[in-house]
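We count ligands from 1, going down the list as the structure has it; atoms in each ligand are counted the same way.
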Amino acid sequence: MNLDKNITEIKGIGPSVGGKLSTLGIVTIADLISYYPRRYDDYSNLQKTSSIKPGNAVTIKVTVKQAVGRYVRRGMHITEAVASDDSGSIRLVWFNQPYRANSIKPSHTYFVSGNFELSRGRLAILNPSMELESSFPVNTARIVPIYKETKGLKSTVIRKALSLLISEIKMLPETLPSQVVTDVGLMSRAKAVQTMHFPESMEELAEAKRRLGFEELFGITLASLLNKQQYEQDTGVNIPFNEKTAKKFVSALPYKLTDAQRKTTWQIYGDLHAEKPMNRLVEGDVGSGKTVVAVMSAVMAMEAGFQVTLMAPTEVLARQHATTVHELLSYIGLESEVTLLVGSMKPQQKRTAHARIKNGDARMIIGTHALITERVDLHNLGLVIIDEQHRFGVDQRKKLQAKAGIMPHVLSMTATPIPRTLALTLYGELDISILDELPPGRNPVMTEIVSPNSRKQMYEKIEAELTAGRQAFVVCPLIQESEVLNVISAEKVYEELSKKVFKHRKVALLHGKMKPEAKDSVMEMFVAGEIEILVATTVVEVGVNVPNATIMLIEGAERFGLAQAHQLRGRVGRGSHQGYCYLVMSDSKEPSRRLKALQNNNDGFKLAELDLEIRGPGAIYGKDQSGQLDLRIANLTDAVLISSARNSASMFIHNGLKLNKYPELKIAVQKYRAVTNLN
Ligand code: ADP
Ligand code: MG
């Protein structure tokens, strides 16, 4: 059967079920076959009614009698029945399934599966599934797959549809090279898919998941290796190392570079000088000093006559970068070559910026997405620096590079460390430098989880810090109060703090919906120390540098991802004063594992690993991109399987195998290449 056929062409699936399946994204037979269960209930172990224990999922083989339905109170219907085998009898109860009583055939044998539990003081199997005894039960007496359901479409229907396809599934062709299947010791594809939907044992199921997970990881790593291969064929612009300039810049800095900064810069200089374009990611925890590394790279390119772009995820950050970069470049007299280009600039300013970019007077261009979305005529672009790299989509990066007409060097910087496993799979084509050292004299931020009823003590500590001349951030999950979510908002907190708790202090509000000029002026006042408490949303998340701020209060802390909260915390303790972070919970429940991890851990790498484990790749890699990756089975924390997939992918390339021979793999790899390609 052609797997691209519409599911309604399967005998037994009508237009109504077909319509419902399509709301789950299942249109073709192939879609249905790869619609894997989200979990399994193990009903494979057939028990006697006399031996079943409460609190367990059980399966019995029984005859059923005395099925009666009745309404117990308005709207609530109960069906009760007695099920018997040769060892005894047991009660079955269904809620609000009035059709049950009539559908049970006396003197037939059924498989009945469900949870054996207490209900209103009496034990019963609650809402059991039931089907006539057969050698191929679908909903009972097996490891029963539970699918993601939709309105009016239960797992039972999906199981039935799949049971109609069993012979097609058994004939699914192998998608991986046979050598790989043998070397790695994998189940065949057909067997794996069959097992996902009709597992015979939990062990077999684990093997099936290993096989399908491997296939995904193999596709991803192969894609990233192919990207790397292609990338290495491009010729880049040669930016020679100019020792005099490097020395002059370093000696003009008001501080000594850390060893990590020195090493990373050295690696970058090596890349810039090579034939092929640089493709390097600098990972460094918040405050590790990435900006100066970026500027030292830029200086080399500028000196060689090339243009450099520095893109930041927000205008606030782009403007701040412009100020910092301007100052750093002034050490070697290049400050006049900096220009800012952001969406909110006045038309006249923008025109000037555009002209200076076009004629090459501006060799260091700092901006946001405006650099990509607006018409910008670049002049001899040699280096693209992307700050907080995970914030940019792949397409955006591609567009920027397309503009250059050539393949410029690309330097990405991120404070969200990428766990090793993820780096190996998704970022295999990147060279990575790690700034694993903070500039001297920084104390780790002291972090405390605060339950809502200890606010008073917390405010007292904040008051003391403010009195000592420090400043505070208060970050909230939302701008406005929401009726749906019971979540604290920036506006409400602002009211509370500015009118009551801290009415004698200068409190301001900053959020993403404010006009850019308003945002800037608030930010400027905060930087200048004219605002003492800044109540904000996560617009302050990345990069903002206010060394005098020592307090980061995070409201509704349990709503933030680990990486994000760690970023926020990195906004304080950047100067010589001790930083404090208060993680205020929405309720007085036991703090989550995530919050505790944050409290006890200042290491961004460890937190990223944990985030990956707890919340999956979306937490780190960005929702959109990890969504596009569409990993159904693979676990991105499975280092063993990842490294085996990576070895196989290297062998595939090394042995000169051609993707054309593996059509399904080819499609997957093409998809992954588009997602993982940072170029
Ligand atoms: P991030 O890595 O988070 O982008 P920044 O580049 O903003 O960090 O640097 C944080 C602060 O550390 C800045 O105020 C910067 O001037 C300072 N800094 C950077 N490198 C050093 C160093 N080697 N010694 C002392 N201070 C440094
Ligand atoms: Mg930064």
### Task
Check the side chains of H566 and D285 for a donor-acceptor pair under 3.5 angstrom, ignoring hydrogens and angles.
yes

### Message
Using a plain distance cutoff, I'd like to know if P440 has any nitrogen or oxygen under 3.5 Å from a nitrogen or oxygen of ligand 1.
### Response
no

### Message
Distance under 4.0 Å to a non-hydrogen atom of T258: what atoms of ligand 1 satisfy this?
### Response
23 (N)

### Task
Indicate yes or no: at least one non-hydrogen side-chain atom of L253 is less than 4.5 angstrom from one of Y331.
yes

### Query
Can you name the one residue among T537, V522, V535 that meets side-chain contact (heavy atoms from CB on, under 4.5 Å) with L510?
V522

### Query
At under 4.0 Å between heavy atoms, which part of L257 makes contact with ligand 1: side chain, backbone, both or neither?
backbone

### Message
Heavy-atom count check: over 12 atoms from other residues, nucleotides or ligands less than 6.0 Å from E243 CD?
### Response
no

### Query
For ligand 1, which atoms have a heavy atom of T291 less than 4.0 angstrom away?
4 (O), 5 (P), 6 (O), 7 (O)

### Summary
Near K256 (heavy-atom distance under 4.0 Å), the atoms of ligand 1 are 22 (C), 23 (N), 24 (N)

### Task
Determine the minimum heavy-atom distance between Y494 and V507, stating which atoms define it.
CE1-O, 3.6 Å

### Task
Please state which part of M413 comes within less than 4.0 Å of ligand 1, counting heavy atoms only: side chain, backbone, both or neither.
neither

### Query
Side chains of R505 and T467: is there a donor and an acceptor less than 3.5 Å apart?
yes

### Message
Any nitrogen or oxygen of P439 lying under 3.5 Å from a nitrogen or oxygen in ligand 1? Just yes or no.
### Response
no

### Task
Please confirm whether G284 comes under 4.0 Å of ligand 1, counting heavy atoms of the residue only.
no

### K461 and E448 ion-paired at < 4.0 Å
yes

### Task
Mark the output for G287 as yes if a heavy-atom distance to ligand 1 is under 4.0 Å, and as no if none is.
yes

### Query
Can you list the atoms of ligand 1 that are under 4.0 Å from a heavy atom of G289?
1 (P), 2 (O), 5 (P), 6 (O), 8 (O), 9 (O), 19 (C)

